[in-house]
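For reference, the structure is listed below as structure tokens.
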Amino acid sequence: MKTKPIRLLVVLALGGCAAPMAPESMSMNLARDGATYKVSGRYGPGWSEGDVRGEVEAACRAKAMRLSRFRGQPYTETGGTAYEARCSPAH
């Protein structure tokens, strides 16, 4: 009985080859969570935390809510700065 050679395909993921986040990039995702909205996203080095916070506050106001929490994460070359926030009912 002849045997066929087994061939293995090795895939290398080179995370170091990823391009840096564009300075003008900013993303925002709002997800309903009961009576509140969870907000998350990322921004590039062309944005300040204050700029992003202002954009999130405006998004909360557009839903008749207020920004009740904003927390930024450390900057990474390829991912920019991640953030989390929450919009709560305006009282």
Side-chain angles (χ1 to χ4, degrees):
M1 181 168 147
K2 288 186 174 182
T3 60
K4 294 184 180 181
I6 298 174
R7 296 179 190 208
L8 298 176
L9 176 62
V10 177
V11 178
L12 299 174
L14 302 174
C17 293
M21 185 168 197
E24 67 280 359
S25 296
M26 190 271 208
S27 67
M28 182 186 327
N29 302 305
L30 283 88
R32 188 84 172 158
D33 185 28
T36 66
Y37 279 88
K38 287 183 179 178
V39 185
S40 62
R42 296 184 171 279
Y43 58 94
W47 288 79
S48 71
E49 185 172 306
D51 292 338
V52 174
R53 185 182 179 105
E55 293 291 326
V56 174
E57 286 176 336
C60 290
R61 281 193 306 272
K63 301 221 175 267
M65 297 191 154
R66 65 180 174 79
L67 178 63
S68 59
R69 183 185 65 171
F70 186 94
R71 180 175 40 185
Q73 304 296 319
Y75 173 80
T76 65
E77 185 73 24
T78 57
T81 303
Y83 67 91
E84 298 174 345
R86 184 168 298 275
C87 298
S88 298
H91 290 127

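Start at 1 with the first residue, then count along the sequence.
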Separation between [atom1] of [X] and [atom2] of [Y], rounded to the nearest 0.5 Å:
X     : Y     : atom1 : atom2 : answer
Tyr43 : Met28 : OH    : CE    : 12.0 Å
Phe70 : Arg53 : CZ    : CZ    : 7.0 Å
Arg42 : Tyr83 : CZ    : OH    : 10.5 Å

### Query
Taking only residues two or more places apart in sequence or in another chain, which ones pass side chain to side chain contact (heavy atoms under 4.5 Å, CB included) with Ser40?
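Ser40 satisfies side chain to side chain contact (heavy atoms under 4.5 Å, CB included) with Asn29 once adjacent residues are dropped.
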### Message
Restricting to salt bridge (Lys or Arg N to Asp or Glu O under 4.0 Å), what partner residues turn up for Arg32, sequence neighbours left out?
### Response
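Arg32: no salt bridge (Lys or Arg N to Asp or Glu O under 4.0 Å) contacts found.
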### Message
Minimum heavy-atom separation for Thr76 and Gly79, please, with both atom names.
### Response
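Where Thr76 meets Gly79 most closely, the heavy atoms are OG1-N, 3.0 Å.
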### Task
State, to 0.1 Å, how close Glu24 and Trp47 come at their nearest heavy-atom pair, and which atoms those are.
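Shortest heavy-atom contact: O-NE1, 3.1 Å.
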Got a list of side-chain donor-acceptor pairs under 3.5 Å for residues 56-68, not counting sequence neighbours?
unit_1	atom_1	unit_2	atom_2	d
Ser68	OG	Arg86	O	3.2
Ser68	OG	Ser88	OG	2.7

### Heavy-atom side-chain proximity of Cys87 to Thr36 below 4.5 angstrom
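With C-beta onward as the side chain, the pair stays apart.
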